[in-house]
Protein chains: 2
Amino acid sequence: MKTNASLLEGRIRDRGYRMTRQRQVVLEELAKVDTHPRADQIYQLVRRRIPHVSFGTIYRNLKTLEELGLISEIQRGHTARYDGNASPHHHFVCRKCDRIIDVDEASTTEFDIPSLSRMGYQVERFQLQIFGLCPACRTKLDKS
Amino acid sequence: MKTNASLLEGRIRDRGYRMTRQRQVVLEELAKVDTHPRADQIYQLVRRRIPHVSFGTIYRNLKTLEELGLISEIQRGHTARYDGNASPHHHFVCRKCDRIIDVDEASTTEFDIPSLSRMGYQVERFQLQIFGLCPACRTKLDKS
DNA sequence: CTCGATGCAAAGTGTTTGCAGTACG
DNA sequence: CGTACTGCAAACACTTTGCATCGAG
């Protein structure tokens, strides 16, 4: 819950970014919720505290914060959703209410679906997304 | 490679849909490739065979075919990509070339990442997406 | 014949961007 | 005080939709 503000600020400044009130509030609001909100929902939350904030600022900050590894973007349907928890974990997506629930890495590293069931989740299918470098790109060691 | 055309047609008709040339060609082109193309790329492929085809038709058919469970949509970045292989499998996403490579279910059910590595893939992170019903929605047995 | 599908173009939706002014460090 | 950031609005990219017409069954 408590996001070590000064630590974050250091991390941001070191990269040449600044900690503006807008950026701060986006981060705080995202840390408060566990609902993986869309950009427009984050905009509403931030607007309650900074009434003149603009959509552009929200989007720009979401992008910046993701680059900084402080939040992460989830592509769900055709609209991005944001996750204040940037540490590696998995997602349970409900097909009915479209809620996204965090599932920590430990409980699925061994594909512990049975324990999810015991917790009341009805698992219908799952898909693993693996990110990295394909053999072809791995060979081209030159660029990046 | 060979998509049992008559079988598919039956499946489509039974649901009140019709097998038009456009729909047929979208399906065929998607079956030919293993690249998970975007809608505009599918449009180009189909246009080579049906020059007057429109974007609306492509999108409508992609949606219909997905509903029928014959193809699947992958959300990658801000643009949807399509997969002619609708059977359950996983994806390896290359961060450099953005290629999506199918990984069959068997080779990851036990999280067999080491074997992917042996095949030349550099795995950097992975995320499991689990779909189903959350406890709250499961309780509301009424609607659907 | 009937009704689902098409082609076209216009309208949406979510996101990005150019610019002049603002404020962080 | 320099430069990253903001607010605003216009632009954008992708997708959906209304309508007259076409064609599968």
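Computation of the quantities below employed the complete heavy-atom set of this structure, encompassing side-chain atoms and omitting hydrogens, waters and symmetry-equivalent molecules. In the text below, chain A, chain B and the rest are named by the order of the sequence lines, each starting its count at 1.
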Participant: For A/Gly16 and for A/Gly56, locate the closest nucleotide of DNA chain D by heavy-atom distance; then report the residue assigned to the nucleotide nearer the 5' terminus.
Facilitator: A/Gly16
Participant: Tell me what B/Arg13 touches on the nucleic acid: a base, only sugar-phosphate, or nothing, going by heavy atoms under 4.0 Å.
Facilitator: sugar-phosphate
Participant: Considering just the side-chain nitrogens and oxygens of A/His52, establish if one lies under 4.0 Å of OP1 or OP2 belonging to D/dG7.
Facilitator: yes
Participant: For B/Asn61, report the nucleic acid contact type (base, sugar-phosphate, nothing); a contact means any heavy atom under 4.0 Å.
Facilitator: sugar-phosphate
Participant: Does this structure show an ion pair linking B/Arg81 with B/Asp98, if we count only N-O contacts that are shorter than 4.0 Å?
Facilitator: yes
Participant: Under 3.5 Å, is there any donor-acceptor pair linking the side chain of A/Arg21 to the base of C/dC24?
Facilitator: no
Participant: Return the value, rounded to whole Å, for the distance between atom CD1 of B/Ile50 and atom P of D/dC22.
Facilitator: 17 Å
Participant: Look at the side-chain N and O atoms of A/Gln22 and state whether any lies under 4.0 Å from the OP1 or OP2 oxygen of D/dG7.
Facilitator: yes
Participant: Quick one: do A/Glu28 and A/Lys32 make a salt bridge, cutoff under 4.0 Å?
Facilitator: no
Participant: What heavy-atom pair brings B/Ile101 and B/Tyr121 nearest, and what distance separates the two atoms?
Facilitator: CG2-OH, 3.4 Å
Participant: Counting only side-chain heavy atoms from C-beta out, which of C/dT16, C/dC24, C/dT6 sits nearest to B/Thr20?
Facilitator: C/dT6
Participant: Is the shortest side-chain N to carboxylate O distance from A/Glu73 to A/Lys63 below 4.0 Å?
Facilitator: no
Participant: So, A/Tyr17 versus A/Glu67: side-chain donor-acceptor pair below 3.5 Å or not?
Facilitator: yes
Participant: Roughly, in whole Å, what's the span from CE in A/Met19 to P in C/dT22?
Facilitator: 23 Å
Participant: Give the nucleotide from the list D/dT6, C/dG7, D/dT16 with an atom nearest to the side chain of B/Thr57.
Facilitator: C/dG7
Participant: In terms of side-chain heavy atoms of B/Lys63, which of D/dT16, D/dG7, D/dT15 is nearest?
Facilitator: D/dT16
Participant: Roughly, in whole Å, what's the span from OH in A/Tyr17 to P in D/dG2?
Facilitator: 23 Å
Participant: Working to the nearest 0.5 angstrom, can you tell me the gap between B/Ile42 CD1 and B/His36 NE2?
Facilitator: 11.0 Å
Participant: Let me know, please, whether A/Val53 or A/His78 comes out on the 5' side of the other along DNA chain D by nearest nucleotide.
Facilitator: A/Val53
Participant: Determine the contact category for A/Arg23: base if any of its heavy atoms lies under 4.0 Å from a base atom, sugar-phosphate if only primed atoms, P, OP1 or OP2 are that close, otherwise nothing.
Facilitator: sugar-phosphate
Participant: Given C/dG14, D/dG7, C/dA23, identify the nucleotide with an atom nearest to the side chain of A/Thr79.
Facilitator: C/dG14
Participant: What's the closest nucleotide to the B/Arg18 side chain, out of D/dG7, C/dG25, D/dG23?
Facilitator: D/dG23
Participant: Could you tell me the separation between the CG atom of B/Leu65 and the P atom of C/dA5, rounded to a whole number of Å?
Facilitator: 10 Å
Participant: How many whole angstroms separate atom CD of A/Gln75 from atom P of D/dT15?
Facilitator: 11 Å
Participant: From D/dG7, D/dC14, D/dA24, pick the nucleotide closest to the side chain of B/Tyr59?
Facilitator: D/dC14
Participant: Write down the distance between CD (A/Gln44) and P (C/dG14), rounded to a whole number of angstrom.
Facilitator: 13 Å
Participant: Can you tell which of C/dT15, C/dC8, D/dC8 lies closest to the side chain of A/Arg60?
Facilitator: D/dC8
Participant: What integer distance in Å separates B/Arg47:CZ from C/dC8:C1'?
Facilitator: 14 Å
